[in-house]
Chemist: 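Shown below is the structure under consideration.
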Protein chains: 2
Amino acid sequence: MTGTRGRIDKRQAILEAAFTVFARDGYRAASVDTVAATAGVAKHTIYNHFGDKQSLFRAAVAALADDALARNLAAIETLRPERDPVEALTEVGLKLAKCYCDEKSWAVRRLLQAELGSMPELQDIVRERATDKVNDALADRLARLALAGHLRLSDPAVAAEQFGALLTAPFDARSRLGTRKIPFNELAEVTQNAVQTFLRAFGVR
Amino acid sequence: MTGTRGRIDKRQAILEAAFTVFARDGYRAASVDTVAATAGVAKHTIYNHFGDKQSLFRAAVAALADDALARNLAAIETLRPERDPVEALTEVGLKLAKCYCDEKSWAVRRLLQAELGSMPELQDIVRERATDKVNDALADRLARLALAGHLRLSDPAVAAEQFGALLTAPFDARSRLGTRKIPFNELAEVTQNAVQTFLRAFGVR
DNA sequence: AAAAGAATGCACTGGTGAGTGCAGTTTATA
DNA sequence: TATAAACTGCACTCACCAGTGCATTCTTTT
């Protein structure tokens with residue numbers, strides 16, 4: 001009666017393979033046989049663990065969303081009110097930009113958007129696990145910066161929304177929706193631009 | 001030898017039906033039979049006009065991209081340097097936001113992103129026809145505003161990029177990727193926020 | 001009116017993929 | 001060591017769908 005119900009290593013291997021294959025081929029074009037082959041596992045094992053293709057997909061996406069949340073929150077932690085706001089915002093911005101431009105992040109967003117029609121719950125899975133929490137955490141930190149006298153803002157939620165917008169939206173075009181890898185200096189440039197504009201609008205100067 | 005080669009009305013009906021079905025079901029899940037039925041046309045007719053499923057898809061997406069471009073450019077026309085910049089930016093912002101939140105726009109972006117892997121050319125089709133031109137046009141107008149002394153900016157391209165970011169990115173979250181319809185007052189609110197922040201950063205005050 | 005071109009309906013091929021059934025093997029637990 | 005549970009390999013069903021072939025029926029042009 002130990003915790004090895006379902007042989008965790010296999011389950012993990014399946015989840016990783018599933019994400020790889022789904023990300024490469026898309027949900028519909030990916031076959032369960034391919035996932036099985038990639039994971040080095042019999043097709044039956046997959047059906048034992050996850051029941052059907054949809055559930056496997058949901059599980060894979062959820063796992064990735066958890067990952068992404070952790071990395072984003074870790075980045076936001078860096079934003080402490082006792083630091084120099086320019087420096088701190090730039091560092092956090094760069095970290096968040098890196099998260100956003102991660103290959104897996106692109107894949108999750110792509111899969112999510114593609115299958116929205118057939119599996120609306122996906123939206124909530126990802127939003128509850130990641131997006132919302134990241135925005136809240138960022139808003140909290142910005143509020144503390146404002147309280148410390150480093151920013152002048154009326155609504156921290158809006159400020160977080162806009163900081164995020166300035167930081168991520170430019171990459172949609174620049175990386176051609178994740179097709180092209182963004183070189184580091186461009187990452188830094190966009191971050192720089194975002195922080196500069198954000199501080200021009202909300203900084204105390 | 002008149003211009004009716006291919007019976008335009010049928011071709012048009014097919015394109016519209018194709019887009020409807022693709023947008024609803026996604027590229028792979030949509031069957032050519034369904035498109036034919038929706039268009040009220042025999043399957044053969046589709047193959048006569050477009051050759052195969054992929055070409056039909058490309059044609060449908062391209063047609064929609066042309067539409068979107070026209071609407072976006074029309075919106076940007078409104079941005080004339082002799083007008084009051086706050087008013088002008090707000091009006092243009094609202095129009096652009098409306099374009100971005102249009103149901104068809106969401107569908108195009110969804111389909112595009114979903115099929116990027118299997119049809120990379122799509123990216124270029126849409127970018128050449130719409131995105132790039134819109135950005136350029138916006139940058140041009142912002143440059144003229146700056147020249148007229150209404151804005152203080154070093155790089156109009158970056159300014160356009162950021163105005164676009166502030167204007168569109170918030171809707172990704174707020175409309176849940178196009179799932180939820182944005183009520184007008186929220187559209188106005190986001191636009192308001194965007195213009196306000198943009199002018200705080202780049203306005204002459 | 002005749003001929004050419006489009007469009008239609010229907011049946012058919014060939015391919016693919018989700019999910020199941022089964023018989024046998026490995027691994028862990030008691 | 002016995003026994004249950006998990007895993008494997010393979011074959012099989014069933015459904016769906018892109019694309020084609022053909023005989024027939026409009027529609028347009030000359």
Chemist: For B/A36, report the nucleic acid contact type (base, sugar-phosphate, nothing); a contact means any heavy atom under 4.0 Å.
Modeler: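 It contacts nothing in the nucleic acid.
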Chemist: Listed by chain and number, what are the salt bridge (Lys or Arg N to Asp or Glu O under 4.0 Å) partners of A/R176, not counting sequence neighbours?
Modeler: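 Residues passing salt bridge (Lys or Arg N to Asp or Glu O under 4.0 Å) with A/R176: B/D124.
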Chemist: Can you tell which of D/dG19, C/dG19, D/dC7 lies closest to the side chain of B/K43?
Modeler: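 Among the listed nucleotides, the one closest to the side chain of B/K43 is D/dG19.
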Chemist: For the side chain of A/H44, counting heavy atoms from C-beta on, which of C/dT8, D/dG9, D/dG19 is nearest?
Modeler: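 Given the options C/dT8, D/dG9, D/dG19, the side chain of A/H44 is closest to D/dG9.
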Chemist: Between C/dG17, D/dT20, C/dT20, spot the one nearest the side chain of B/Y47, thanks.
Modeler: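 Nearest listed nucleotide: D/dT20.
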Chemist: Could you tell me if the side chain of A/E161 sits less than 4.5 Å from the side chain of A/N135, heavy atoms only?
Modeler: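 No, side chains not in contact.
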Chemist: Identify, residue by residue, the members of residues 15-28 of chain A with a heavy atom below 4.0 Å from DNA chain D, and return them in order of residue number, or none.
Modeler: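 Those residues: none at all.
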Chemist: Looking at every strand, decide which applies to A/D52 at a 4.0 Å heavy-atom threshold: base, sugar-phosphate, or nothing.
Modeler: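 Sugar-phosphate only.
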Chemist: Which of these nucleotides, C/dA7, C/dG19, D/dA18, is closest to any side-chain atom of B/K10?
Modeler: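 Nearest listed nucleotide: C/dA7.
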Chemist: Would you say that B/S55 contacts B/D52 through its side chain, given a criterion of any heavy-atom pair below 4.5 Å between the two side chains?
Modeler: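 They are in contact (side-chain heavy atoms under 4.5 Å apart), so the answer is yes.
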Chemist: Do we see a donor-acceptor contact under 3.5 Å between the side chains of B/E87 and B/T90?
Modeler: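 Their side chains do not contain a donor-acceptor pair, so the 3.5 Å distance test is not met.
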Chemist: Which residue pairs satisfy the ring-ring contact (aromatic ring centres under 6.0 Å, His included) criterion with at least one member in residues 57-107 of chain A, sequence neighbours excluded?
Modeler: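 Listed once each, the pairs are A/F22-A/F57, A/Y27-A/F57, A/Y100-A/W106.
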